[in-house]
Structure formats: C-alpha cells, structure tokens
Amino acid sequence: MHTLHLNKGRESSLLRRHPWVFSGAIARVSGSPEAGETVRIVDAGGQALGLAAYSPSSQIRARMWSFAASDTIDSAFLRARLQRAIARRSALLNDPRRTACRLVYAESDEIPGLVVDRYGDYLVCQFMFTGVEVWKAEIVQHLRELFPCRGIYERSDAAARKHEGLPPSQGLLWGEAPPAIVEINEQGRLYGLSIEHGHKTGFYLDQYDNREMVRRLCQGRRVLNCFAYTGGFGIAALAGGAEHVLNVDSSAPSLELAAANFARNGFSPAQYDNLTANVFDLLREFRHQQRRFDLIVLDPPKFAETKVQFKKAARAYKDIALQASALLEPGGLLVNFSCSGAIDMPLFQKITADAVLDAGRHGQILHYLHQAEDHPVGLPFPESLYLKGLVSTLD
Ligand code: SAH
C-alpha cells in the first residue's frame, strides 16, 4: 500500500487522534497514491499510525480514516461510520417536532469532509474532500438504505473544494428532485427553504438551540434581527411573544423568503417589517434617529475566512456590536454571534466587552452559545467548534 512517512516528532498530533496530516509533516511518500486513495501513515521509525485519504493538492495532505492500521477502508467501513453518525442522533431524529437535522458532520463523525443534512424527506450532501469524493456512489447508496428518503441532492459548491482541486458540484444524486421550497418543522415553527439556492445546504441548522434561546427571551420585546436571511431568529422571536420584529438583510430575495415564512407561521404583517439594507449603515442611521430596541440579534456572515483576515473581522464584529449596544434600552439584550473559526470565544467576548464599553454601556453575559448538538465537536478536533454567541444584558 502507498505510505506517507512522517518527519520525526510529527506523529504527536496523530497519537492524540487529530485527523489531519499537514504537508509539512511528511518526509516522503512511497508509492504513487492518487487523489482520494487510502494511504498508510507511519512515523519516522516506521511505526504504523493508521490509514488516511490522500489529497495531493491540499495543505492538509491526508485526513485520517482510522487510527487502527489493521482496518480496511472499503464500502462496509464507510457504511458503519455513516450508521454510527445517524445512530448518535437517534433522539433528535425521533422528535416529530424536529424534521431537519445534520446527520453527518465530517471530521467530528470521523468521515472527513462529508456533511449530510436532512430536511424532511430529502437529504443534502456536501463532499468537501477528495477522500469522500471517490466514495460518493457508495455513500449515496448507504444513505438511501440507512435513512429512507425521497431524494438525495448534492450541494458541494463551497469554496473549500478549490483547495482540494475539486470543481464545484451540484445536483440530484438519487431519487426525486426536491421541490423549490422544502418545509421543515422546528419545535412547531415552520420554515421554508431552498435546497437548490439556499445558503450552505439550505438553512442554518447550527443555530437551532440559539433560535430556541431567542424564543424564550423575547416576550414583550421589540426585536431588531440583523442579518435576518430567511427569518430564522425573527420567527423564533414572534413565537416567543415579541411585540414586533424588524428584520434587516442586504439580500431582497432572502427577505422575500422570510416574508413567506412569517405567513407560513400565521404572523401578520403588522407584527414585523423587512428592510433591505446594509446593517453597518443602518445601525448608524438608527443611532442618529435615536431608535430603541429591547433585543438585538447580530448573526453576520463569516467575516474571517482565515487567520490573516482576522484583525479586519474583529473590527467588523466590534463595530456592529458597538452600534447595536447604543440602540438597546436599559435591560435590553444583545445576542451576537461569530461563525469565524479564527475567532475563539475568549476573543469574541473581549471584542463584545470592548464594543459595549465604547458605546458607554455596562453589561453582563447571561449565556454562552455554540453550534447545536447535531454539529458536534470531536474531542481531538477543537477546530470544529466554529459558532460562538453571547447573550448580554445591558444596564
Ligand atoms: N441569521 C440567519 C443567517 C444569517 S446569514 C439565520 O439564522 O438564518 C448572513 C446574512 O447576512 C445573509 O442573509 C446575507 O445576505 C446578509 N448580509 C451579509 N452582509 C450584510 C450586510 N452588510 N448588511 C446586511 N445583511 C448582510
């Protein structure tokens, strides 16, 4: 079998079961593995460390399939991994009031690069890595059998594939094409989403618990929902008894979907407004107009893709938190998020604290928020913790 020989000392992360082998860790390659092929990983002394999938064009040169060198990486191996990922979520999948859920979360479920999300009767997959790309047909076949559904759709259109030398890939993999709008149920709230055109695989499943949190904090409050997308937090806010919700997003089509979602849940147009605007500008305008809110959600897109962009991102997170803080009534709640992996919770807390201070306010953190449990964090793989949020009350 093809073998990657590591440099001396570079085995330590693998001994802790971290799943990535970086190009700099590799002393030499024996054999001539193709992209996606299984390779043996050995330390400088020739000791086997496990089996991985090879990715010649990526800085992450190999991703571990198994830390047991005696395993065989084949269709049955993959089936067992998929089965385990689904079994881990059985409590969530048996909840009739939760018809959408991530079934497979890549490295955290020990299937590097594969994401599978369930939206009602449809599954949506992302193959983000050569290792799973070469097993696509087998994976689809197993998913059909392990999770009976109407159709399986691919949304491997994300930028991450570029690093792998893989072109974007989107379309039906098996079964019926999903309808233009698929409806999901989230604890009695209904959301319509587009599997074909929506962000990620269609919806922000990672915010599930945080929508629940917002729902229970909103009674009687005037809510400003910034970066509203299709109304995820806004609908949770009204379901929780908010007096009014103002949704802001720069994308008019997203807000159209949001409007349909508010109607789907029986909310009247008097209960909410949708505003197409740039949040950075609008918050300043509102400050000038002395507008006031009782709860503000800030859930922006990823401002930092990489560590290099992270200073600029930190400034952007601070800017919106500062402007929003100035709009909150005494006792108001700031609910702000970052989904940038490069910004960890201690830094995000510091950014938020500085922003609140610079707005001339004082506050306390009531809740630390993270991604939902169907997006678990592999114990040896802290990189998979990417979503951070804070609920702060301001005096
Ligand atoms: N909160 C949403 C997800 C937000 S995704 C949910 O829970 O479903 C980020 C959104 O921010 C996108 O809809 C995008 O259109 C919007 N956006 C990006 N930059 C923006 C800006 N400067 N002003 C307003 N909206 C912006």
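Residues Leu82 and Leu114 meet the side-chain proximity criterion, which asks for heavy atoms closer than 4.5 Å. Using a 4.5 Å heavy-atom cutoff, the side chains of Glu107 and Phe129 are not in contact.
In this structure, the ring of Tyr153 has its center no less than 6.0 angstrom from the ring center of Tyr119. Centroid-to-centroid, the aromatic rings of Tyr317 and Phe303 come within less than 6.0 Å. A ring-centre distance under 6.0 Å is found for His199 and Tyr229. Taking the ring centroids of Tyr191 and Phe203, they lie under the 6.0 Å cut-off.
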Check against salt bridge (charged side-chain N to carboxylate O under 4.0 Å, His left out), Arg118 and Asp374 = CA-CA 11 Å; Arg118 174 214 178 180; Asp374 54 347; over 6 Å; no
side-chain contact (heavy atoms from CB on, under 4.5 Å) assessment of Cys149 paired with Asp121 | CA-CA 5 Å; Cys149 58; Asp121 294 330; 5.6 Å; no
Does the side-chain contact (heavy atoms from CB on, under 4.5 Å) test come out yes or no for Glu383 and His18, once each step is laid out?
-> CA-CA 10 Å; Glu383 289 91 335; His18 190 277; 2.8 Å; yes
Going through the distances and angles, do Phe293 and Phe286 end up as a ring-ring contact (aromatic ring centres under 6.0 Å, His included)?
-> CA-CA 10 Å; Phe293 298 90; Phe286 278 0; 5.8 Å; yes
Go through the steps to decide whether Phe22 and Ile60 satisfy the test side-chain contact (heavy atoms from CB on, under 4.5 Å), and finish with yes or no.
-> CA-CA 5 Å; Phe22 287 95; Ile60 305 171; 3.7 Å; yes
Apply side chain to side chain donor-acceptor pair (under 3.5 Å) to the pair Tyr386 and Asp206, showing each step before the final yes or no.
-> CA-CA 10 Å; Tyr386 64 95; Asp206 52 357; 2.7 Å; yes
What's the verdict on side-chain contact (heavy atoms from CB on, under 4.5 Å) for Ser338 and Leu347, showing C-alpha distance, side-chain angles and the deciding distance?
-> CA-CA 11 Å; Ser338 162; Leu347 176 59; over 6 Å; no
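A salt bridge is defined here as a Lys NZ or Arg NE, NH1 or NH2 lying under 4.0 Å from an Asp or Glu carboxylate O, and Glu164 with Arg63 meets this definition. A salt bridge is defined here as a Lys NZ or Arg NE, NH1 or NH2 lying under 4.0 Å from an Asp or Glu carboxylate O, and Asp294 with Arg221 fails to meet this definition. The existence of a salt bridge linking Glu329 and Arg292 is excluded, since no basic side-chain nitrogen approaches an acidic carboxylate oxygen closer than 4.0 Å. Ionic pairing of Arg284 and Asp319 is present here: one or more N-O contacts between side-chain nitrogen and carboxylate oxygen are shorter than 4.0 angstrom.
Of the possible donor and acceptor atoms, one in the side chain of Asn265 sits under 3.5 Å from a partner among the backbone N and O of Leu190. Judged by distance alone, the side chain of Asn247 and the main-chain N or O of Ala228 form no donor-acceptor pair under 3.5 Å. The main-chain N or O of Pro380 is never found under 3.5 Å from a side-chain atom of Arg17 such that the two would form a donor-acceptor pair. Judged by distance alone, with hydrogens and angles left aside, the side-chain atoms of Arg155 form a donor-acceptor pair with the main-chain N or O of Glu196 at under 3.5 Å. At distances below 3.5 Å, not a single donor-acceptor pair connects side-chain atoms of Gln47 with backbone N or O atoms of Val42. Proximity of a side-chain donor or acceptor of Asn7 to a complementary backbone N or O of Gly24 within less than 3.5 Å is detected. Judged purely by atom type and a 3.5 angstrom limit, Arg264 has no side-chain atom pairing as donor or acceptor with the backbone of Glu183. Side-chain atoms of Gln271 never come within 3.5 Å of backbone atoms of Pro269 as a donor-acceptor pair (strictly under, hydrogens ignored). Using modelled atom types, no side-chain atom of Arg28 and backbone atom of His5 make a donor-acceptor pair closer than 3.5 Å. Side-chain atoms of Arg150 never come within 3.5 Å of backbone atoms of Gly175 as a donor-acceptor pair (strictly under, hydrogens ignored).
Using a 3.5 Å distance cut-off with no hydrogens or angles, the side chains of Gln364 and Asp395 do not pair a donor with an acceptor. His142 and Ser75 form a side-chain donor-acceptor contact under 3.5 Å, judged by distance and modelled atom types alone. Between the side chains of Asn225 and Tyr272, no donor N or O sits under 3.5 Å from an acceptor N or O. Inspection of the Glu373 and Tyr208 side chains reveals no N or O donor paired with an N or O acceptor under 3.5 Å.
The two residues Ser340 and Lys302 make their nearest non-hydrogen contact at OG-CG, 3.6 Å. Taking both residues in full, the closest heavy atoms of Ala324 and Leu334 are given as CB-CD1, 3.9 Å, listed atom of the first, atom of the second, then distance. The two atoms that bring Ala106 and Gly113 nearest to each other are CB-N, 3.7 Å, heavy atoms only. When every heavy atom of Ala100 is checked against every heavy atom of Leu205, the shortest pair comes out as CB-CD2, 3.6 Å. Taking all atoms of both residues into account, the shortest heavy-atom contact from Ile152 to Cys125 is CG2-SG, 3.7 Å. Nearest heavy-atom pair, Leu166 versus Thr130, reported as atom, atom and distance to 0.1 Å: CD1-N, 3.9 Å.
Classification of the Phe381-Trp20 ring pair by plane angle, with boundaries at 30° and 60°, yields perpendicular.
Within 6.0 Å of atom CD in Gln289, more than 12 heavy atoms from other residues, nucleotides or ligands are found, so the atom counts as buried in its surroundings. Shown here is Glu145, whose CD atom has more than 12 heavy atoms of other residues, nucleotides or ligands within 6.0 Å.
A salt bridge (Lys or Arg N to Asp or Glu O under 4.0 Å) with Asp109 is found for exactly one of Arg84, Arg81, Arg88, namely Arg88. Considering Ile26, Val39, Val29 as possible partners of Arg61, the one that fulfils the side chain to side chain contact (heavy atoms under 4.5 Å, CB included) test is Ile26. Looking at Leu295, Asp299, Val335 one by one, the single match for side chain to side chain contact (heavy atoms under 4.5 Å, CB included) with Phe233 turns out to be Asp299.
For the atom pair Leu282 CG and Leu246 CG, the distance stands at 7.0 Å (nearest 0.5 Å). Here the NZ-CG distance, from Lys318 to Asn336, works out to 13.5 Å after rounding to the nearest 0.5 Å.
With sequence neighbours left out, the ring pair (Phe, Tyr, Trp, His ring centres under 6.0 Å) criterion links His370 to no other residue.
Under a cutoff of 6.0 Å and an axis angle of 45°, Lys136 and Phe127 form a cation-pi pair.
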